[in-house]
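Okay, structure first, notes after.
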Protein chains: 2
Amino acid sequence: MHYPEPLAKLISELEKLPGVGPKTAQRLAFHIMRAPREDAVRLSEAIAEVRDRVGYCERCFNFSDKPICDICSDPRRDQSIICVVEEARDVVAIEKTGEFHGLYHVLQGAISPIDNVGPEEIRLSELVERLGDGTVTEIVVATNPNVEGEATALYLARLIKPLEITITRIASGLPVGGDLEYADEVTLGRALSGRRKL
Amino acid sequence: MHYPEPLAKLISELEKLPGVGPKTAQRLAFHIMRAPREDAVRLSEAIAEVRDRVGYCERCFNFSDKPICDICSDPRRDQSIICVVEEARDVVAIEKTGEFHGLYHVLQGAISPIDNVGPEEIRLSELVERLGDGTVTEIVVATNPNVEGEATALYLARLIKPLEITITRIASGLPVGGDLEYADEVTLGRALSGRRKL
């Protein structure tokens, strides 16, 4: 099918987005053509602006539109505990729980030899630097419970050990609302070994 | 959760797209933040450009970046037959079949009293105008086989009757690869009444 060239270009750009195939890209493009013109202009500007105005917090590497992000500069947050995550979206997920009131450190990835990502490619040395002044007493490692996340957690544990800081790992186990019958063996094994007194 | 303001704005703009909820909008926005900067710039420009450079064909009201679209101005297309569709995306769908070699007319909607769309709100009078010079001998009505599409088809049939032009409707029936057991009664009834000699 022959689209007008700017429309074909828009469809091919939209297809680069995650989870957007040719059909969805076409639907989105046709929506953009039919929606009020201001909506298209605002979307276009928002995309351009986000890259110009949002960068990374110099301390925790979360997304921020200031040199130091709102969480790092909030005096009410517990400065003695840092939660280490792989991606900025993980900060969003943890903030939503309302269970954590410390600071974050976003590694920007996880150790993955298969993808050529070693400890130097992620923000590990910057984390160690943050531990220098003795304020931090606990590191919660909240990397994903998969091969790369576990490898990163182990590496981190070894790295931090000499500093005599408590290092903890988020629990693995059955998801709330889950069903033993459908749990895989590894998860169920973790749930058993991580059992707690009632 | 508190996002940097430009990121929050992008997420809220993305949420306006069809089929994009808060989770998807966040995922897309985070992807745009992490993808190469040129990708974000190109996407932003493509959205802005599509509205500036693509409009509607003056003859058939399909999307076009020229006053008359490529299909209307292609001398190899059969000028005596017009396929009437509701939306530009329907043109794409029909072109993909490779079964139709005539021209199109995009109504830009269907008659729907419930949505306050009457015959004047869609491009019906423009279609009748195109029939004036006697070149067109058949109209294929390919509006959707739902209430609005059928109402539009019936209205169109009455409108065109005095002009002595053949008016046909695309067939309703079982989809290819479908199963009688799962077909609804209306579709199965249509498939029976529309049966053809083998």
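Here is the naming used below: chain letters follow the sequence lines, and residue numbers restart at 1 for every chain. The shown structure was predicted, so the numbers you read here are calculated from the model rather than taken from an experiment.
Crowding of Arg89(A) atom CZ: a count of heavy atoms from other residues, nucleotides or ligands under 6.0 Å not exceeding 12.
Using a 4.5 Å cut-off on side-chain heavy atoms (C-beta onward), Lys9(B) and Glu5(B) make contact. Side-chain contact between Leu131(B) and Ile139(B): present, with at least one pair of heavy atoms (C-beta onward) separated by less than 4.5 Å. Thr143(A) is not listed as a side-chain neighbour of Val85(A), based on a closest heavy-atom distance of 4.5 Å or more. Taking the side chain as every heavy atom from C-beta outward, Tyr3(A) and Val92(B) approach each other to under 4.5 Å. With a 4.5 Å cut-off on side-chain heavy atoms, Ile81(B) and Val136(B) do not count as touching. In this structure, Cys60(B) and Cys69(B) have side chains that are in contact, with non-hydrogen atoms separated by less than 4.5 Å.
Rounded to the nearest 0.5 angstrom, Arg53(B) CZ and Leu10(A) CG are separated by 12.0 Å.
Within residues 174-181 of chain A, no residue has any heavy atom less than 4.5 Å from a heavy atom of chain B. Within residues 183-192 of chain A, no residue has any heavy atom closer than 4.5 Å to a heavy atom of chain B. Using a 4.5 Å cut-off between non-hydrogen atoms, no part of residues 147-165 of chain A approaches chain B.
A donor-acceptor pair is defined here as one N or O able to donate and one able to accept, closer than 3.5 Å; such a pair exists between the side chain of Glu86(A) and the backbone of Asn144(A). Listed for the Arg51(B) side chain is a donor-acceptor partner under 3.5 Å among the backbone atoms of Met33(A). Judged by distance alone, the side chain of Asp90(B) and the main-chain N or O of Glu87(B) form a donor-acceptor pair under 3.5 Å.
Ranking Ala40(B), Ser12(B), Pro18(B) against chain A, the residue ahead of the rest is Pro18(B), based on heavy-atom pairs under 4.5 Å. Ranked by heavy-atom pairs shorter than 4.5 Å toward chain A, the options Ala35(B), Gly19(B), Gly55(B) are led by Ala35(B). For the set Ala29(A), Pro6(A), Gly98(A), the count of heavy-atom pairs under 4.5 angstrom toward chain B peaks at Pro6(A). By number of non-hydrogen pairs under 4.5 angstrom with chain A, the leading residue of Lys66(B), Arg37(B), Glu45(B), Lys16(B) is Arg37(B). With respect to chain A, the highest number of heavy-atom pairs below 4.5 Å among Glu49(B), Arg34(B), Arg27(B), Gln26(B) belongs to Arg34(B).
Using a cut-off of 4.0 Å between Lys/Arg side-chain N and Asp/Glu carboxylate O, Asp74(B) and Arg77(B) are scored as not salt-bridged.
With a 4.5 angstrom heavy-atom cutoff, Leu14(B) touches chain A via backbone and side-chain atoms both. Proximity to chain B involves both the backbone and the side chain of Val54(A), based on heavy atoms less than 4.5 angstrom apart. Contact of Asp70(B) with chain A is made through the side chain alone, with heavy-atom distances under 4.5 Å. Looking at Val50(B), the atoms closer than 4.5 Å to chain A (heavy atoms on both sides) sit in the backbone and in the side chain alike. Heavy atoms closer than 4.5 Å to chain A are found in both the backbone and the side chain of Gln108(B).
Between Glu58(A) and Ile68(A), the shortest heavy-atom distance links the atoms CB-CD1, 4.1 Å. Of all heavy-atom pairs spanning Leu103(A) and Ile71(A), the tightest one is CD2-O, 3.8 Å. Here the shortest heavy-atom pairing between Ile94(B) and Cys83(B) reads CD1-SG, 3.6 Å. The two atoms that bring Ala25(B) and Glu15(B) nearest to each other are CB-CG, 3.5 Å, heavy atoms only.
Less than 6.0 angstrom separates the ring centroid of Tyr56(A) from the ring centroid of Phe63(A).
A search for ring pair (Phe, Tyr, Trp, His ring centres under 6.0 Å) contacts involving Tyr104(A) returns Phe100(A), not counting sequence neighbours.
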